[in-house]
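To start, the structure under review is shown below, and the notes come after it.
Residue numbering restarts at 1 for every chain, and letters A, B, ... go by the order of the sequence lines. Being a predicted model, the structure only gives us computed values, none of them experimental.
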Protein chains: 2
Amino acid sequence: MAKPKLDRKTLLRNSLSVFKTMGYNGTSMNDLAKANGLLKGSMYHYIESKESLMLEVLTALRDHYVSRVFNKAFDETLQPYQRLKELALRAEEIFVFEEGGDFLVNIGLETKNSVPAFTQVIKSFFQEWINTMKYLYSFVLDEADAKEKAEFIVAEIEGSVLMMKLLDDVNYLHRTNERLLKEYKELERQKVYK
Amino acid sequence: MAKPKLDRKTLLRNSLSVFKTMGYNGTSMNDLAKANGLLKGSMYHYIESKESLMLEVLTALRDHYVSRVFNKAFDETLQPYQRLKELALRAEEIFVFEEGGDFLVNIGLETKNSVPAFTQVIKSFFQEWINTMKYLYSFVLDEADAKEKAEFIVAEIEGSVLMMKLLDDVNYLHRTNERLLKEYKELERQKVYK
DNA sequence: GTTAAATTACCAAACGATTGGTAGATTAAT
DNA sequence: ATTAATCTACCAATCGTTTGGTAATTTAAC
């Protein structure tokens, strides 16, 4: 009976799936336990508290994005435009199909005034994202413009994802990405002519 | 103590204030009662349930926006550009200073998979907003483009508000509005030249 | 290789606190 | 005296968490 061990990754993935559909306050320890094939008391064999579990989920998600998605921006075997395209593609997959998506925003808003520990991780995710975009745009814009552009683009994508969810319209994000890519190409062209 | 202690408007305003900072699931009937200067049991003299109260708050908020904010777009004493400017100004006030703000988005995301009645009202709010923007852009763009532009702009503003909250940066929305206004003026210029 | 101790994984039950909601008594204005 | 508004007291259910206990497995001494 001490064999079928639940490994950490599975625990986090199962828990994320529940948190994602019910939110933080909307999810009970019972829900989490069920999703992991355990009774609620047994969950405490793996975790210290509901809050610490969520914090671990958030952190894992952020680290995943940083090391598996954002890092594409620094892949020197690709042209800058191709890197942006890779990022856009991955973002579309993530937000439209995968578990996770705009999860970080949802939880960030829901717990903003009650669990500061969450806010910190979520903030750092967005900072990382903005920095990634800033780097990519530094190829076609000067420092200050690249920064502003990066901040604006992250907001733009998040807004699209949001409307996509609220209005059940899957095209939102795709159109936004297409617009961004087209615009980037135009910026590259202008840069060359200068 | 049988005086009409609490009028409907005050009840809704007080409740909104609590819901706004703690979310739907994060707010208890006790919290709501306290905010209204009552004991929990007394709340049920005014409302049928926690859910019905929230639904009333959401509906009142949507109706307020439609009749007091969005209607500016149809004010024929103003030039289209001036109407857009009015809308932008009001939006900035609402999102930055007032209670309410992106409340509808937060609740929409938090309760998307648990309380469909909320989703309906929230959806209609965004549809109204999009329609308003579409009308304003029909002065400078053709039908199809105006629609796409409207959808995009609402997403853009929402994204800005979101980042503003998550990153505690009040400039986000202001910059977005300035960009929109400038672009609208440019669209007007292009229209004239054609 | 056998065996006993230590550890792991889990369950069933219960904890005190809090949840949304109800009933009946009490208060105060008309 | 009537009636509307509020309080007090309570309910059943659920919350996150802790407990006591029991198999299954791993470890380590022989």
Side-chain angles (χ1 to χ4, degrees), chain A residues 1-59 106-107 110-118, chain B residues 1-59 106-107 110-111 113-119:
Chain A
M1 244 218 230
K3 198 148 128 234
K5 258 188 140 177
L6 189 59
D7 68 294
R8 205 90 201 139
K9 213 169 151 184
T10 311
L11 171 77
L12 294 182
R13 214 170 32 112
N14 291 340
S15 304
L16 167 61
S17 164
V18 184
F19 278 136
K20 197 214 156 198
T21 53
M22 323 243 267
Y24 180 66
N25 290 305
T27 297
S28 73
M29 284 305 297
N30 219 336
D31 299 327
L32 291 167
K34 222 175 277 177
N36 284 293
L38 295 174
L39 287 189
K40 120 175 119 149
S42 311
M43 285 292 289
Y44 289 86
H45 176 68
Y46 292 92
I47 63 165
E48 203 195 69
S49 66
K50 183 186 171 188
E51 187 175 323
S52 76
L53 172 58
M54 175 58 110
L55 192 61
E56 205 178 326
V57 169
L58 292 175
T59 308
N106 299 2
I107 301 303
E110 185 190 344
T111 62
K112 191 176 185 334
N113 302 293
S114 48
V115 196
F118 296 169
Chain B
M1 256 202 246
K3 35 204 156 160
K5 206 167 175 177
L6 206 56
D7 64 296
R8 202 92 202 139
K9 213 169 151 183
T10 311
L11 170 77
L12 294 181
R13 217 172 27 118
N14 291 341
S15 305
L16 167 61
S17 165
V18 185
F19 278 135
K20 197 213 156 198
T21 52
M22 323 242 270
Y24 180 65
N25 290 304
T27 297
S28 72
M29 284 304 298
N30 221 335
D31 297 328
L32 290 166
K34 220 175 279 178
N36 283 292
L38 295 174
L39 289 187
K40 178 170 70 150
S42 311
M43 284 292 290
Y44 289 87
H45 176 69
Y46 292 92
I47 64 164
E48 203 194 68
S49 66
K50 184 187 170 186
E51 187 176 321
S52 76
L53 172 58
M54 176 57 110
L55 192 62
E56 204 179 327
V57 169
L58 292 174
T59 307
N106 298 1
I107 301 302
E110 185 189 345
T111 63
N113 302 293
S114 49
V115 196
F118 296 169
T119 315

Grab the [atom1]-[atom2] distance between [X] and [N] for me, whole Å please.
X        : N       : atom1 : atom2 : answer
Leu53(B) : dG21(C) : CG    : P     : 10 Å
Leu38(A) : dC10(C) : CG    : P     : 5 Å
Arg8(B)  : dA5(D)  : CZ    : P     : 11 Å
Lys34(B) : dT6(D)  : NZ    : P     : 18 Å
Asn36(B) : dC7(D)  : CG    : C1'   : 16 Å

Check your understanding: Is a side-chain donor-acceptor pair under 3.5 Å present for Asp31(A) with Ser28(A)?
Key ->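 Side-chain D/A pair, Ser28(A) to Asp31(A): present.
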Exercise for review: From the options Phe118(B), Tyr24(B), Phe19(B), select the one residue that forms a side chain to side chain contact (heavy atoms under 4.5 Å, CB included) with Leu58(B).
Suggested key: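 Of the listed residues Phe118(B), Tyr24(B), Phe19(B), the side chain to side chain contact (heavy atoms under 4.5 Å, CB included) partner of Leu58(B) is Phe118(B).
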Listed pairs, N/O of protein and of nucleotides 14-17 of chain D, under 3.5 Å:
unit_1  : atom_1 : unit_2   : atom_2 : d
dG16(D) : OP1    : Thr27(A) : O      : 3.2
dG16(D) : OP1    : Lys50(A) : NZ     : 2.8
dG16(D) : OP2    : Met29(A) : N      : 2.7
dG16(D) : N7     : Lys40(A) : NZ     : 3.1
dG16(D) : O6     : Lys40(A) : NZ     : 3.2
dT17(D) : OP2    : Tyr44(A) : OH     : 2.5
dT17(D) : OP2    : Lys50(A) : N      : 2.9
dT17(D) : O5'    : Tyr44(A) : OH     : 3.2

Practice item. Look at the side chain of Leu39(A) and decide which nucleotide, out of dA9(C), dC11(C), dT8(D), has an atom nearest to it. Key: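 From the listed options, dC11(C) comes nearest.
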Check your understanding: How long is the gap from OH on Tyr44(A) to CG on Leu38(A), to the nearest 0.5 Å?
Key ->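 These two atoms lie 12.5 Å from each other.
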Exercise for review: Check Thr27(B) against Lys50(B) and note the closest heavy-atom contact, atom names and distance.
Suggested key: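 Where Thr27(B) meets Lys50(B) most closely, the heavy atoms are O-NZ, 2.7 Å.
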**Study point:** Minimum heavy-atom distance between Asn25(B) and Gly26(A), given as atom pair plus value
**Key:**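 For Asn25(B) and Gly26(A), the tightest heavy-atom pair comes out as ND2-CA, 3.9 Å.
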Point to revise | Contact check, side chains of Asn14(A) and Ser17(A), non-hydrogen atoms, under 4.5 Å | key: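 They are not in contact (no side-chain heavy atoms under 4.5 Å apart), so the answer is no.
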Check your understanding: Looking at His45(A), does any N or O in its side chain come under 4.0 Å of the phosphate oxygens OP1/OP2 on dA9(C)?
Key ->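 Yes, within the criterion.
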